[in-house]
K.L.:
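Sharing a structure with you now.
Per chain, numbering begins at 1; letters A, B, ... match sequence-line order.
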Number of protein chains: 2
Amino acid sequence: MARYEHIAGELRDAIVRGDYPIGAQLPTEAELASRFNAARGTVRQAVAVLVAEGLVGTRQGARRIVLGSERSQSFAELHSFAQWARSVGHQAGGLVLDSHRRPSTPSEAVRLAITPGEEVLVVVRLRRLDGEPVLVERTVYASWIAPAVEKLDPACESVTQELYEAVGLVFAYGEHLIDAVAAGAEDARLLGVRRGSPLLRQRRTTTSQEGRPVECSDDRYRAGSVTFSIRNSTTANSLVRRAGD
Amino acid sequence: MARYEHIAGELRDAIVRGDYPIGAQLPTEAELASRFNAARGTVRQAVAVLVAEGLVGTRQGARRIVLGSERSQSFAELHSFAQWARSVGHQAGGLVLDSHRRPSTPSEAVRLAITPGEEVLVVVRLRRLDGEPVLVERTVYASWIAPAVEKLDPACESVTQELYEAVGLVFAYGEHLIDAVAAGAEDARLLGVRRGSPLLRQRRTTTSQEGRPVECSDDRYRAGSVTFSIRNSTTANSLVRRAGD
DNA sequence: TAAAGCAACTTGTACAAACAAGCGAGACCA
DNA sequence: TGGTCTCGCTTGTTTGTACAAGTTGCTTTA
C-alpha cells in the first residue's frame with residue numbers, strides 16, 4: 001500500500017473512532033507530516049482522499065474540519081450488487097429471467113459505441129436482498145462480451161466478479177442517470193408491488209478499463225429498499241441535475 | 001486562475017470540441033508539460049481535475065483515455081435550484097407556501113447539530129421550472145440562520161444567493177440521500193399529480209464553509225421533471241448504495 | 001467602542017528530481 | 001504457431017523547497 005493511503009487510512013480510522021468528532025479541526029499538515037514522518041506533499045495527498053470522500057472539508061488558510069464520520073463504500077461495492085450487499089451484511093441473490101440476442105436500437109448503439117443494428121445481448125435479471133425481490137435489471141451487453149455472459153450461471157450472484165474471473169474484464173467506469181418511475185406491469189409482478197407504484201430507476205452505462213463500453217442497463221429498485229447517498233462540496237463534485245429526459 | 005486550472009480548461013475544451021474524441025488517448029504528461037511549459041506535477045494536477053469530472057480515465061502504465069465529452073455542472077448549479085435552472089436555459093420560480101417555527105425533533109437535532117427541542121424554522125416551498133411545478137421543498141433551518149431566512153422575499157428565486165448577499169453565508173458542503181417515494185396528498189395537490197404517483201426524493205443536509213449545519217431538507221421532484229447524473233470509477237467515488245431505511 | 005490593519009499561521013500552487021510499478025509491443029524461443 | 005520475456009514508455013509515489021494566498025486573532029487607531 002502506498003504511504004499516503006496508509007496515512008489516509010489512519011486518519012479515517014481516527015475520525016470514525018471519534019478522535020476527531022464532527023466539526024472538530026484536523027491537525028495541520030506540518031503536524032501530520034512530523035507525526036507520520038512523511039513529506040508535506042504526501043500528507044496532502046492523504047488528506048485529499050478524505051476530502052474526496054466527503055469526510056473532511058478544506059479551504060485555504062483555515063484548518064481542515066471534520067464533516068462526517070461514516071465510512072463510505074468503495075465503488076466496487078456500488079457497482080456489484082452482490083458485493084455491496086455482502087459488505088453491508090446482507091445476502092444477495094440473482095436470477096436470470098430472460099436472455100436473448102437482438103439487433104441494437106440506435107440509442108443503444110450510441111451508448112455502447114457500436115454500429116446501429118449490430119447484435120446485442122439482452123438479459124433481464126431479478127435481484128433479491130435477504131430473499132426479498134428488490135431490483136429488476138434489464139441489461140444490454142455489447143456483442144463482444146455476450147458469449148462470456150451467456151456462459152454464466154443463471155443464478156450467478158455477482159456478474160461482475162464472474163466476468164472478471166472468466167475473461168479478466170474489469171468494470172472500471174460508470175455513468176448513471178437516476179430518476180423515479182412508475183412500476184410497469186412486469187416490474188410490478190416481479191417486485192411484488194402494485195402497478196404504478198414508485199420505483200427508483202438507475203440507468204447506467206459501464207465501461208471497461210480500456211474505455212470500451214461493456215453494457216448499458218435499466219435498473220429499477222422497489223421504493224424503500226435502497227437509497228443512494230452522495231456527499232459533495234462547492235469544489236469537486238460529480239453530481240449533475242438534468243431537466244426532463 | 002491557477003496554472004493547473006488553466007491547463008485543465010484547455011484540455012476540457014479540446015475534449016468538448018472533439019479534438020480528443022471518446023475512446024481516444026490523451027497526450028502523455030511529458031508531452032503536455034512541454035506544450036504548456038509547466039512542470040509534470042502541475043500537468044498531473046490539471047489532468048486530475050478532468051479525472052474527477054469523469055471525462056478522463058487513467059491507470060498506471062497506460063495512456064489516459066477520454067471517457068466523455070459533456071461538460072458537467074459545478075456544485076453551485078446543483079445546490080441552487082434557480083442557478084442550475086438558468087445555466088441549462090430554463091426559468092426557475094419559487095413560492096413559500098408555509099413558514100413557521102417549532103421545536104426540533106430528535107432526528108433534526110442530530111442532523112443540524114443542535115440540542116433536541118431547540119427551535120427551528122420550517123419552510124415549505126413550491127418550485128417551478130418554466131412555469132410547471134416540479135418540486136416541493138420542505139426545509140428545516142437551524143435557529144441561528146432563521147431570522148435571515150424569514151426576511152427573504154416569499155417568491156425569492158435563489159435562496160442560496162440571497163442568503164449569501166444578505167449575511168455572507170456560503171452553502172459549502174452537502175450530504176444527499178436519494179430514493180423514490182409515492183406522492184402524499186399534499187405533494188399530489190401541489191405538483192398536480194395523482195396521489196401515490198412516483199416522486200424522486202432528495203433528502204439533504206447542507207453545511208456552511210465552517211462546517212456548521214445550516215439546513216436539512218426533504219425535496220420531492222415530480223417524476224420525469226429532473227434526473228440526477230453521476231459519473232464514477234473503481235477509484236475515487238462518492239456514491240453509496242444503502243439498504244432500506 | 002468599533003473599525004482598520006498587521007502578523008502569525010495554515011493551506012494552495014509550482015517546480016525539480018528520482019525511483020516504483022504497470023502496460024504494451026516486439027523479439028525470442030520451443 | 002503460440003507462449004514467454006524483455007525493454008521502453010507512461011503513469012504513480014515520494015521528497016524537498018519556495019512562494020502565494022486566505023484566515024484568524026490581536027493590536028492599533030480613529
Side-chain angles (χ1 to χ4, degrees), chain A residues 1-11 20 23-52 55-67 164 168-170 172-173 208-212 233-236, chain B residues 1-11 20 23-52 55-67 164 168-170 172-173 208-212 233-236:
Chain A
M1 202 203 314
R3 202 123 164 59
Y4 80 90
E5 285 178 304
H6 173 253
I7 298 174
E10 294 277 315
L11 287 176
Y20 303 109
Q25 292 185 332
L26 238 51
T28 66
E29 292 179 356
E31 159 85 21
L32 291 172
S34 81
R35 183 185 305 176
F36 290 105
N37 197 29
R40 195 183 147 215
T42 307
V43 170
R44 283 182 64 78
Q45 211 169 343
V47 176
V49 173
L50 304 183
V51 171
L55 254 49
V56 169
T58 184
R59 65 194 165 120
Q60 188 173 15
R63 291 274 286 271
R64 280 182 255 256
I65 50 176
V66 177
L67 295 174
Y164 174 68
L169 178 69
V170 176
Y173 307 106
S208 75
Q209 259 183 338
E210 297 80 21
R212 202 172 180 190
S233 68
T234 43
T235 64
Chain B
M1 202 201 319
R3 201 120 166 62
Y4 80 91
E5 285 178 304
H6 173 252
I7 298 175
E10 294 277 313
L11 288 175
Y20 303 109
Q25 292 184 332
L26 238 51
T28 67
E29 292 179 357
E31 159 85 21
L32 291 172
S34 81
R35 184 185 305 177
F36 291 103
N37 195 31
R40 196 183 148 216
T42 307
V43 170
R44 284 183 65 77
Q45 209 170 345
V47 176
V49 172
L50 304 183
V51 171
L55 255 47
V56 168
T58 184
R59 62 192 167 125
Q60 188 172 12
R63 292 274 285 273
R64 280 181 257 256
I65 49 176
V66 177
L67 295 173
Y164 174 68
L169 179 69
V170 176
Y173 307 106
S208 75
Q209 259 183 338
E210 297 79 22
R212 201 171 180 191
S233 69
T234 42
T235 63

K.L.:
How do Y4(A) and L26(B) order along DNA chain D: which one's closest nucleotide is nearer the 5' end?
P.N.:
L26(B)
K.L.:
Can you identify which nucleotide, out of dT10(C), dT23(D), dT15(D), has its nearest atom closest to the A39(A) side chain?
P.N.:
dT15(D)
K.L.:
Counting only side-chain heavy atoms from C-beta out, which of dT11(D), dA14(C), dT14(D) sits nearest to E29(B)?
P.N.:
dT11(D)
K.L.:
Is the distance from OP1 or OP2 of dA14(C) to the nearest side-chain N or O of R3(B) less than 4.0 Å?
P.N.:
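No, because none of the side-chain N or O atoms of R3(B) sits under 4.0 Å from OP1 or OP2 of dA14(C).
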K.L.:
Side-chain N or O of T42(A) versus OP1/OP2 of dT15(D): is the shortest distance under 4.0 Å?
P.N.:
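Affirmative; the distance criterion is met.
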K.L.:
So, does T58(A) get its side chain near the phosphate of dG12(C), meaning an N or O under 4.0 Å from OP1 or OP2?
P.N.:
yes
K.L.:
If you take all heavy atoms of Q25(B) and Y20(B), which pair is closest and at what distance?
P.N.:
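Reported closest heavy-atom pair: O-CD2, 3.9 Å.
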K.L.:
If I take atom CD1 in residue I65(A) and atom C1' in nucleotide dT10(C), what distance separates them, rounded to the nearest angstrom?
P.N.:
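In whole Å, dT10(C) C1' and I65(A) CD1 are 14 Å from each other.
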K.L.:
By the 4.0 Å heavy-atom rule, please label A38(A) as base, sugar-phosphate, or nothing.
P.N.:
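Answer is sugar-phosphate: A38(A) comes under 4.0 Å of backbone atoms only.
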K.L.:
If I take atom CD in residue E5(B) and atom C1' in nucleotide dA14(C), what distance separates them, rounded to the nearest angstrom?
P.N.:
13 Å
K.L.:
Could you report the tightest heavy-atom contact between S208(B) and L169(B), atom names first, then the distance?
P.N.:
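So the two residues come closest at CB-CD1, 3.9 Å.
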K.L.:
Going by side chain to side chain contact (heavy atoms under 4.5 Å, CB included), V66(B) matches just one of L55(B), L50(B), L26(B). Which one?
P.N.:
L26(B)
K.L.:
Give the minimum heavy-atom separation between Y4(B) and V49(B), together with the two atoms involved.
P.N.:
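Minimum heavy-atom separation between Y4(B) and V49(B): CE1-CG2, 3.9 Å.
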K.L.:
Side chain of Q60(B): nearest nucleotide among dA21(C), dT13(C), dT14(D)?
P.N.:
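Given the options dA21(C), dT13(C), dT14(D), the side chain of Q60(B) is closest to dA21(C).
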K.L.:
Check whether any side-chain heavy atom of L11(A) lies under 4.5 Å from a side-chain heavy atom of L32(A), and answer yes or no.
P.N.:
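Touching, per the 4.5 Å side-chain cut-off.
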K.L.:
Which of the following nucleotides, dT23(D), dT14(D), dG12(C), is nearest to the side chain of R64(A)?
P.N.:
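Nearest to the side chain of R64(A) among the choices is dG12(C).
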K.L.:
Could you tell me the separation between the CE atom of M1(B) and the C1' atom of dA20(D), rounded to a whole number of Å?
P.N.:
17 Å
K.L.:
How long is the line joining NE2 of H6(B) and P of dT13(C), in whole Å?
P.N.:
16 Å
K.L.:
Tell me: CD of Q209(B) to P of dG22(D), nearest whole Å?
P.N.:
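Checked: the CD to P distance equals 12 Å.
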K.L.:
OP1 or OP2 of dT11(C) sitting under 4.0 Å from any side-chain N/O of R59(A)?
P.N.:
no
K.L.:
Taking the side chain of A2(B) as its heavy atoms from C-beta onward, which of dT13(C), dT14(D), dT10(C) lies nearest to it?
P.N.:
dT13(C)
K.L.:
What is the distance, rounded to the nearest whole Å, between atom CD of E31(B) and atom C1' of dC9(D)?
P.N.:
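Spelled out: CD on E31(B) to C1' on dC9(D) is 14 Å.
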K.L.:
Base, sugar-phosphate alone, or nothing: which one does R40(A) contact when heavy atoms must sit under 4.0 Å apart?
P.N.:
base
K.L.:
Nearest heavy-atom pair of R3(B) and N37(B): which atoms, and what distance?
P.N.:
NH2-O, 2.8 Å
K.L.:
Output yes when at least one side-chain N/O atom of R44(A) is less than 4.0 Å from OP1 or OP2 of dG12(C), else no.
P.N.:
yes
K.L.:
CD of Q25(B) versus C1' of dG24(C): gap in Å, rounded?
P.N.:
10 Å
K.L.:
For G41(B) and for E210(A), find the nucleotide of DNA chain C with the closest heavy atom, then tell me which residue's nucleotide is more 5'.
P.N.:
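The residue closer to the strand's 5' end, by nearest nucleotide, is G41(B).
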K.L.:
Could you work out which one of dT13(D), dT10(D), dT13(C) sits closest to the side chain of Q45(B)?
P.N.:
dT13(C)
